[in-house]
Amino acid sequence: MDSTDAIDSLLDAWRTARPDLDPAPLGLVGRVIVLAKKLERDVDAALEKHGLTLGQFDILATLRRSGLKGGLTPTQLLESVVLSSGGMTARLDQLAKDDLIARRADATDRRKVVVELTAKGRKLIDAATATRFEVAKNALPPLKPAERKQLESLLRTWLASRE
């Protein structure tokens with residue numbers, strides 16, 4: 001049995017206010033937007049316990065996932081996170097100030113800068129990642145495993161069509 005939510009009320013209101021328009025697409029899109037905002041608030045609250053913003057977490061996590069490759073350039077980091085170059089520079093400056101990352105000249109091209117995790121940064125991102133994964137686990141929808149897999153596949157298709 002399906003339950004109703006705030007989006008249902010919104011759709012009903014639009015059907016009354018503008019019967020010439022079909023608000024049905026807002027049902028799916030609106031729910032995704034509302035859900036994304038709620039999920040992001042949960043993540044923000046969890047990361048705040050580690051003294052991190054989601055943007056800072058994304059940078060540190062990208063560096064952590066890069067493994068032992070010797071760091072990434074700011075351009076490589078930009079390709080992995082959704083920030084402007086100015087936003088990236090400001091975040092990198094703060095992370096360096098907090099001794100979570102270090103910048104060094106590239107060994108093959110001294111004009112390039114390579115960003116690496118410090119030992120402090122690695123310890124912090126490891127703890128924050130465990131928290132982030134737990135928040136994601138707790139946020140899973142109340143669906144059977146097969147239904148979650150199907151939902152993930154459908155969302156992947158939708159996302160790919162928008163990239």
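Worth knowing before you read on, the calculation uses all heavy atoms, side chains too, and leaves out hydrogens, waters and symmetry mates.
Between Leu26 and Trp14 there is a side-chain heavy-atom pair separated by less than 4.5 Å. Contact check for Met88 versus Ile59: side-chain heavy atoms found under the 4.5 Å cut-off. Side-chain contact check for Pro74 versus Leu92: some heavy-atom pair is nearer than 4.5 Å. Annotation: side chain of Val81 is not in contact with side chain of Phe57 (no heavy-atom distance under 4.5 Å).
Side-chain contact check for Thr62 and Arg65: at least one donor-acceptor pair (N or O, by modelled atom type) lies under 3.5 Å.
At least one donor-acceptor pair closer than 3.5 Å links the side chain of Arg31 to the backbone N or O of Gly27. Using a distance-only test at 3.5 Å, with no hydrogens or angles considered, a donor-acceptor pair links the side chain of Thr129 to the main chain of Ile125. Using a distance-only test at 3.5 Å, with no hydrogens or angles considered, a donor-acceptor pair links the side chain of Thr16 to the main chain of Asp12. Side-chain N or O atoms of Glu163 include none that pairs as donor or acceptor with a backbone N or O of Ala160 at under 3.5 Å. No donor-acceptor pair under 3.5 Å is formed between the side chain of Gln94 and the backbone N or O of Arg91.
Residues Leu11 and Pro23 come closest through the heavy atom pair CD2-O, 3.1 Å. Here the closest non-hydrogen pair linking Ala96 and Arg103 is CB-NH1, 4.3 Å. Closest approach of Ser3 and Asp8 over heavy atoms only: O-OD2, 3.9 Å. The two residues Ala102 and Thr118 have their closest heavy-atom pair at N-CG2, 3.9 Å.
A distance of 7.5 Å separates NZ in Lys112 from CD in Gln76, rounded to the nearest 0.5 Å. To the nearest 0.5 angstrom, Asp93 atom CG is 11.0 Å from Asp98 atom CG. A distance of 10.5 Å separates CD in Gln150 from CG in Leu155, rounded to the nearest 0.5 Å.
Looking at Lys37 and Asp44, no side-chain N of the basic residue comes within less than 4.0 Å of a carboxylate O on the acidic one, giving no salt bridge. Classification of Glu152 and Arg148 as a salt-bridged pair fails, no side-chain N sitting under 4.0 Å from a carboxylate O.
By the side chain to side chain donor-acceptor pair (under 3.5 Å) test, Glu48 is found to be paired with no residue, residues two or more places apart in sequence or in another chain being considered.
Tracing side-chain contacts under 4.5 Å through hydrophobic residues (I, L, V, M, F, W, Y), one reaches Leu28 starting from Leu143; they form part of the same cluster. The same ILVMFWY cluster, assembled from side-chain heavy atoms under 4.5 Å apart, contains both Ile33 and Trp158. Both Leu47 and Leu77 are part of a single hydrophobic cluster, where members link through side-chain heavy atoms under 4.5 Å apart. Leu60 and Val113 fall into different hydrophobic clusters, where Ile, Leu, Val, Met, Phe, Trp and Tyr residues are linked whenever their side-chain heavy atoms come under 4.5 Å apart, directly or through other members. Taken together through direct or relayed side-chain contacts under 4.5 Å among Ile, Leu, Val, Met, Phe, Trp and Tyr, Val43 and Leu35 form parts of separate hydrophobic clusters.
Of the candidates Leu117, Leu95, Leu52, Leu52 is the only one forming a side chain to side chain contact (heavy atoms under 4.5 Å, CB included) with Leu124. Looking at Leu72, Asp58, Leu100 one by one, the single match for side chain to side chain contact (heavy atoms under 4.5 Å, CB included) with Leu63 turns out to be Leu72.
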